[in-house]
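To keep things clear, I will list the structure first and then write my remarks on it.
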Amino acid sequence: MEKDILLAWIEEGTVNIPSILFTNYKRMGLNEADIMLILQVYSFQNKGNSFPTPEELSSNMTITSGECASILRKLVQQGFISIEEGNTTEDILFEKYSLKPLWMKLLDCLQEDKKQSQRQQSSFSENELYTIFEKEFGRPLSPLECETLGMWMDQDHHDAVIIKAALKEAVISGKLNFRYIDRILFEWKKNGIETIEQARKHGEKFRCNVRKGPMEYEKTSSNTVPFYNWLEQ
């Protein structure tokens with residue numbers, strides 16, 4: 001008897017629901033009745049019934065078939081469920097519910113969360129950059145300098161890490177001004193430099209070329225490292 005119950009339970013099957021649906025349905029404008037009806041539709045589909053009637057759905061719920069029909073209409077109108085047409089192997093036309101719109105809305109939630117995280121990270125990086133620049137300059141930045149720093153990120157789309165690397169290059173070169181830093185960023189972008197490692201190799205390449213120049217070598221003592229003057233390009 002117990003084996004029969006266990007077999008019946010196994011044959012009934014299971015319904016796998018993404019946990020993100022349970023954490024975002026309220027945010028999407030759904031309530032508990034909506035979600036339960038969606039789960040019932042999903043369950044019927046897993047059992048081979050792709051277009052359950054309101055009567056069939058209500059048989060597993062505590063609401064009437066009329067209420068089920070009303071909720072179904074609302075879900076279709078709001079774009080959570082769609083009704084699609086299909087053909088059997090005998091070329092018989094049939095209709096079925098599709099939950100693709102629901103899954104797409106869930107993906108939109110994930111993308112929005114990612115964008116929000118990126119915006120927060122960008123805001124943090126921007127504030128951090130202002131602090132670093134003011135520390136290196138030893139004074140508050142002027143309105144024009146703040147605007148330039150913002151343009152590097154918003155219009156030129158330089159990564160905060162690259163801007164900090166350009167600042168470091170300017171500090172090392174003893175040319176701490178925004179015009180010099182802007183020229184460094186321009187040259188790096190022109191040469192497709194997007195990472196710290198690429199910037200480091202690019203700088204080493206120019207320094208190596210400077211060392212090879214006899215006149216530059218004469219001007220540079222053995223204890224100093226020549227730096228590429230970006231403003232002369």
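For clarity, every value in this text was computed on a predicted model and none was experimentally measured. Note that the numbering runs from 1 along the sequence shown for the chain.
- A donor-acceptor pair under 3.5 Å is absent between the side-chain atoms of K100 and the main chain of I81, judged by distance alone.
- A donor-acceptor contact shorter than 3.5 Å is absent between the side chain of E136 and the backbone of L167.
- The shortest side-chain heavy-atom distance between N24 and C109 falls under the 4.5 Å cut-off.
- Proximity of a side-chain donor or acceptor of T148 to a complementary backbone N or O of L144 within less than 3.5 Å is detected.
- Between the N177 side chain and the R179 main chain, a donor and an acceptor come within less than 3.5 Å of each other.
- Atom-to-atom distance recorded for S70:OG and I63:CD1 is 9.0 Å, nearest 0.5 angstrom.
- Without hydrogens or angle criteria, D34 side chain to N31 main chain gives a donor-acceptor distance under 3.5 Å.
- E84 meets the side-chain hydrogen bond (donor to acceptor under 3.5 Å, both in side chains) test with S98; sequence neighbours excluded.
- Of all heavy-atom pairs spanning C146 and Y130, the tightest one is O-OH, 3.1 Å.
- A donor-acceptor pair under 3.5 Å links the side-chain atoms of N49 to the main chain of F51, judged by distance alone.
- Side-chain N or O atoms of E187 include none that pairs as donor or acceptor with a backbone N or O of I184 at under 3.5 Å.
- Using modelled atom types, one side-chain atom of E145 and one backbone atom of S142 make a donor-acceptor pair closer than 3.5 Å.
- One N or O on the side chain of T53 and one on the backbone of E56 form a donor-acceptor pair closer than 3.5 Å.
- Residues M36 and E32 fail the side-chain proximity criterion, which asks for heavy atoms closer than 4.5 Å.
- For F137 and F178, the distance between ring centers is under 6.0 angstrom.
- By the neighbour-count criterion of 12 heavy atoms within 6.0 Å, atom NZ of K189 is densely surrounded, having more than that number from other residues, nucleotides or ligands.
- Other residues, nucleotides and ligands place more than 12 heavy atoms under 6.0 Å from the CE atom of M61.
- Looking at R183 and E169, no side-chain N of the basic residue comes within less than 4.0 Å of a carboxylate O on the acidic one, giving no salt bridge.
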